[in-house]
Amino acid sequence: QVQLVESGGGLVQAGGSLRLSCAASGSIFSINAIGWYRQAPGKQRELVAVISSGTRTKYADSVKGRFTISRDNAKNTVSLQMNSLKPEDTAVYYCNAVVQATNSEYLYNYWGQGTQVTVSS
C-alpha cells in the first residue's frame with residue numbers, strides 16, 4: 001500500500017505565496033508521474049500541475065507563470081510553489097501519484113487526503 005500525505009495549505013491574502021508538499025511512502029518501487037489537482041466548491045476536480053519521472057512538467061493554463069512544481073526522487077516527494085495567488089485559486093488541493101509498487105509490474109493511481117488553500121481578496 002502507498003500513502004500520500006500533503007502539507008502546507010492555509011489562508012493567504014491575494015498576491016501572497018504558499019508552498020505545498022506531498023510525501024509518498026509505502027511499498028514504492030518507482031513513481032511515474034506525480035502532481036497536484038484541485039477542487040473548488042461546486043466544481044470538478046482539475047489538474048493543476050504534474051511532473052513526470054523524467055521531470056517533464058505540465059501546468060493548467062490558469063497557473064502558468066505563477067506555480068512551479070518540483071520533485072525529489074530520492075525522498076519520494078513533490079512540491080508546488082504557488083506565487084501571486086488569486087481568490088480563484090481557492091480549493092482543496094490533492095496530491096496524485098502513479099506508482100509502481102514493489103513486487104508488481106503494474107501502475108496504480110493514488111490520492112492524498114487533500115489540503116485546503118484559501119486565498120482572500
Side-chain angles (χ1 to χ4, degrees):
Q1 188 67 301
V2 174
Q3 297 81 38
L4 302 179
V5 178
E6 301 111 332
S7 61
L11 173 65
V12 64
Q13 289 186 335
S17 298
L18 282 175
R19 185 176 181 87
L20 304 183
S21 296
C22 172
S25 62
S27 302
I28 299 171
F29 176 75
S30 66
I31 297 177
N32 191 332
I34 187 168
W36 296 90
Y37 288 71
R38 66 187 181 188
Q39 187 166 20
K43 295 188 177 181
Q44 290 189 334
R45 191 173 297 188
E46 63 175 1
L47 172 71
V48 176
V50 63
I51 184 167
S52 71
S53 57
T55 68
R56 285 183 302 171
T57 58
K58 179 179 180 179
Y59 294 92
D61 288 343
S62 60
V63 307
K64 284 180 180 177
R66 300 187 297 122
F67 292 10
T68 303
I69 190 170
S70 60
R71 65 187 285 175
D72 184 331
N73 291 328
K75 297 180 179 179
N76 288 334
T77 60
V78 63
S79 296
L80 185 69
Q81 178 65 42
M82 305 186 295
N83 298 328
S84 302
L85 282 160
K86 304 175 181 179
E88 50 263 44
D89 294 318
T90 295
V92 178
Y93 284 68
Y94 296 91
C95 181
N96 172 264
V98 179
V99 177
Q100 182 178 356
T102 54
N103 300 316
S104 174
E105 62 186 88
Y106 300 108
L107 297 176
Y108 295 92
N109 197 38
Y110 293 95
W111 292 92
Q113 79 285 357
T115 185
Q116 178 69 45
V117 171
T118 302
V119 184
S120 62
S121 57

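The first residue of the sequence shown is numbered 1, and numbering continues consecutively from there.
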Please say which of D89, T115, V117 ends up in a side-chain contact (heavy atoms from CB on, under 4.5 Å) with R38.
D89
Identify whether V48 and V92 are in the same connected component of the hydrophobic contact network (ILVMFWY, side-chain heavy atoms under 4.5 Å).
no
Check the pair S79 / Q81 against side-chain hydrogen bond (donor to acceptor under 3.5 Å, both in side chains), numbers first and verdict last.
CA-CA 6 Å; S79 296; Q81 178 65 42; over 6 Å; no
Kindly work out whether a path of hydrophobic side-chain contacts (I/L/V/M/F/W/Y, heavy atoms less than 4.5 Å apart) joins I31 to V50.
no
Give the intermediate values and the outcome of side chain to side chain contact (heavy atoms under 4.5 Å, CB included) for residues S25 and V5.
CA-CA 8 Å; S25 62; V5 178; 5.7 Å; no
Polar side-chain atom of R71 near backbone of G35 as donor-acceptor pair, under 3.5 Å
no
For the CG atom of N32 and the OG atom of S30, what is their distance to the nearest 0.5 Å?
7.0 Å
What heavy-atom pair brings A91 and Y93 nearest, and what distance separates the two atoms?
O-CD1, 3.4 Å
Check whether N96 reaches the backbone of Y110 with its side chain - one donor and one acceptor, N or O, closer than 3.5 Å.
yes
Partner of C22 under side-chain contact (heavy atoms from CB on, under 4.5 Å), picked from V78, T77, L80, N76, is V78
How far does CG of L47 sit from OH of Y37, to the nearest 0.5 angstrom?
5.0 Å
Can you tell me how far CZ of R19 sits from CG of N83, rounded to the nearest 0.5 angstrom?
9.5 Å
Give me the ring orientation class for W111 and Y94: parallel if the planes are under 30° apart, tilted from 30 to 60°, perpendicular past 60°.
perpendicular
T68 side chain reached by Y59 side chain, heavy atoms, under 4.5 Å
yes
Grab the two heavy atoms, one from L4 and one from A24, that are nearest each other, plus how far apart they are.
CD2-CB, 3.4 Å
Locate the shortest heavy-atom distance separating G9 from L20; write the atom from each residue and the value.
N-CD2, 3.6 Å
Can you check side chain to side chain contact (heavy atoms under 4.5 Å, CB included) on F67 and L85, steps first, answer last?
CA-CA 9 Å; F67 292 10; L85 282 160; 3.7 Å; yes
Are V98 and V2 connected in a single hydrophobic cluster, I mean Ile/Leu/Val/Met/Phe/Trp/Tyr linked by side-chain heavy atoms less than 4.5 Å apart?
no
Go through the steps to decide whether E6 and W36 satisfy the test side chain to side chain contact (heavy atoms under 4.5 Å, CB included), and finish with yes or no.
CA-CA 10 Å; E6 301 111 332; W36 296 90; 3.7 Å; yes
If hydrophobic clusters are built from ILVMFWY residues whose side chains come within less than 4.5 Å, do I69 and M82 share one?
yes
Just verifying a value: how many Å separate S70 OG and I51 CD1, rounded to the nearest 0.5 Å?
6.5 Å
Stepwise, does the side chain to side chain contact (heavy atoms under 4.5 Å, CB included) test hold for Q116 with T90?
CA-CA 8 Å; Q116 178 69 45; T90 295; 4.0 Å; yes
Nearest 0.5 Å, what's the NZ-OG distance between K86 and S121?
14.0 Å
Rounded to the nearest 0.5 angstrom, the CD-CG distance for Q100 and L107 is 6.0 Å
Hydrophobic clusters here meaning ILVMFWY residues chained together by side-chain heavy-atom distances under 4.5 Å, can you tell me if V119 and L18 are in one?
yes
